[in-house]
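Working notes for the structure below.
Every chain is numbered from 1, with letters handed out A, B, ... down the list of sequences.
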Number of protein chains: 4
Amino acid sequence: MEFNNDKPIYIQIADYICDKIVTSTWKEEERIPSVRELGADLQVNPNTAMRTYEYLQNKHIIYNKRGIGYFVAENAMQYVTQLQREDFFDQQLPRVFKAMLSLNIPFEELQNHYSIFINQHVE
Amino acid sequence: MEFNNDKPIYIQIADYICDKIVTSTWKEEERIPSVRELGADLQVNPNTAMRTYEYLQNKHIIYNKRGIGYFVAENAMQYVTQLQREDFFDQQLPRVFKAMLSLNIPFEELQNHYSIFINQHVE
Amino acid sequence: MEFNNDKPIYIQIADYICDKIVTSTWKEEERIPSVRELGADLQVNPNTAMRTYEYLQNKHIIYNKRGIGYFVAENAMQYVTQLQREDFFDQQLPRVFKAMLSLNIPFEELQNHYSIFINQHVE
Amino acid sequence: MEFNNDKPIYIQIADYICDKIVTSTWKEEERIPSVRELGADLQVNPNTAMRTYEYLQNKHIIYNKRGIGYFVAENAMQYVTQLQREDFFDQQLPRVFKAMLSLNIPFEELQNHYSIFINQHVE
DNA sequence: GTGGTCTAGACCACC
DNA sequence: GTGGTCTAGACCACA
């Protein structure tokens, strides 16, 4: 896995895991890799993997059974999507709209780009 | 001026200056405040102001006449808006569209939120 | 290490590092000292070392792995020598030739001085 | 006149004046422009022109008659050329030779570039 | 441990 | 007056 520089690595890993959950690759109540395994898989320091798990645990997306490992929480999938939607509507969208205002970009142009984008991502 | 914590101050100042340029508050070839003035105005250390000017000079948005001060570069306005548009279409928009796909948000919903946003930002 | 006054210290450190790279003392993809180590080694403030690393990173001679340190970039050696050759042929040499013209110094005299110089620098 | 950023402007002006002297455009014992005139001609602050004159006076290339103006010194032409020769042989040349050593540039290559240079500068 | 940012204050050359 | 460099020391997020 490759990492950007605009986000902390541990956050990018969290996104990656959330993706696994949303797509049901990792199902609810299922055990997920140990910090060491995850670290080895993604070529990061186990501490960084640990940080991701702490982060996700604080958000109640995963939970920990002591001495056993980490597990996907109940309703995690639904919860993650909800968080993502909130982020989308409360953070991303306003920022985009603000940019459109200051750059004088009409809504129609958005629509054009959306059509193009869709065509490229549907096969 | 107030600063967030999600971006370095010197970047936020750079954004602030770009805004001045885009709105023609500071015109091309016009002298802009000295590092000391800017620092005093925005209540930051002159070094931080200096850092902003270095940053903007590297991007060819401002330039320096030795012993005299910094000046808005030729075509700076056009250049800045172009950079902003590129960032919008190449970075922000694809991210939004990707999120829409994975969250199953139809384009119509976008339109609704846009209407609401516009109503709030028009007098 | 001792520093001149005709160049900023951070540039002189950059030259010093480029020298390490060109002579393969520091090899490609190899980790280089942390800003604190380098500062301690060369008896300069870590900030100054940091300034050098920023400078070299902008020139793509070194790169950064977050939280880990700075590394010599791929092809850095080749790249640095190329930069030096360009500077030599495009900047230094024309200046020398121009001076020779205006001072009426024949090419033969250059050759003499070269012989003397070589004798002094060969063991 | 246009100025580089790698030398102080007042030095560049001094070079410009020395050139006038060497080429006998400004002859010995001849009055040269006042600081105000020179400043206006070259579009620089009179203070900067003044600095140049101070600099050249310290090197005994020009001298001052109070209330009248600045004059090219006796034997200035000869003296300037001598200074330039010294700079050439003591400063520039060793630097070039050093660069040749570290870049593995053989003397023959120098000769080639010299031929090219000469062809371009002779009509 | 790492880099990165910021402040405070100093000194310098230059215009 | 201007920018530019440097130091000292602090704090922070990140790996």
| Nucleotide E/dT5, atom P - distance to CD of B/Glu54 in whole Å | 12 Å
| query | In whole Å, what is the span from the CG atom of B/Leu56 to the P atom of F/dG4? | reply | 13 Å
| query | Starting at OH of B/Tyr70 and ending at C1' of E/dC14, how long is that distance when rounded to a whole Å? | reply | 14 Å
| Are any of B/Tyr63's side-chain N or O atoms less than 4.0 Å away from OP1 or OP2 of F/dG3? | no
| Got a donor-acceptor contact below 3.5 angstrom from the C/Ser24 side chain to the C/Lys27 backbone? | no
| field | Any C/Tyr55 side-chain N or O less than 4.0 Å from OP1/OP2 of F/dT5 | value | no
| query | Between C/Pro33 and C/Tyr53, is any pair of side-chain heavy atoms under 4.5 Å apart? | reply | yes
| remark: Exactly one of A/Asp15, A/Ile13, A/Ile9 clears side-chain contact (heavy atoms from CB on, under 4.5 Å) with A/Ile11, and that residue is A/Asp15
| Is the shortest side-chain N to carboxylate O distance from B/Asp90 to B/Arg85 below 4.0 Å? | no
| C/Asp19 backbone acceptor or donor facing C/Thr23 side chain under 3.5 Å | yes
| Short side-chain donor-acceptor distance under 3.5 Å, C/Gln82 and C/Glu86 | yes
| Which pairs, with at least one residue in residues 63-74 of chain B and sequence neighbours excluded, count as a side-chain hydrogen bond (donor to acceptor under 3.5 Å, both in side chains)? | B/Glu29-B/Tyr63
| query | Atom CG of B/Asn64 to atom C1' of E/dC15: distance rounded to whole Å? | reply | 11 Å
| field | Check ion pair B/Arg51-C/Glu54 (N to O, under 4.0 angstrom) | value | yes
| field | Non-hydrogen side-chain atoms of C/Phe71 and C/Ile32 separated by less than 4.5 Å | value | no
| query | Once you round it to whole Å, what is the distance between P of E/dT2 and CG of C/Leu38? | reply | 12 Å
| request: Whenever both distances are under 3.5 Å in a Watson-Crick or G-U wobble pair, mark it; put DNA chain E into dot-bracket that way, with [ ] for crossing pairs and | when the partner is on another strand. | output: ||||||||||||||.
| note | Protein heavy-atom contacts under 4.0 Å, written 5' to 3' over nucleotides 7-15 of chain F as B (base), S (sugar-phosphate only) or - (none), form the string BBB----SS
| query | Can you tell me how far C1' of E/dC12 sits from CZ of C/Phe3, to the nearest Å? | reply | 18 Å
| query | In whole angstroms, how far is the C1' atom of F/dG4 from the CG atom of C/Asp6? | reply | 15 Å
| field | Spacing between A/Met50 atom CE and E/dG1 atom P, to the nearest angstrom | value | 22 Å
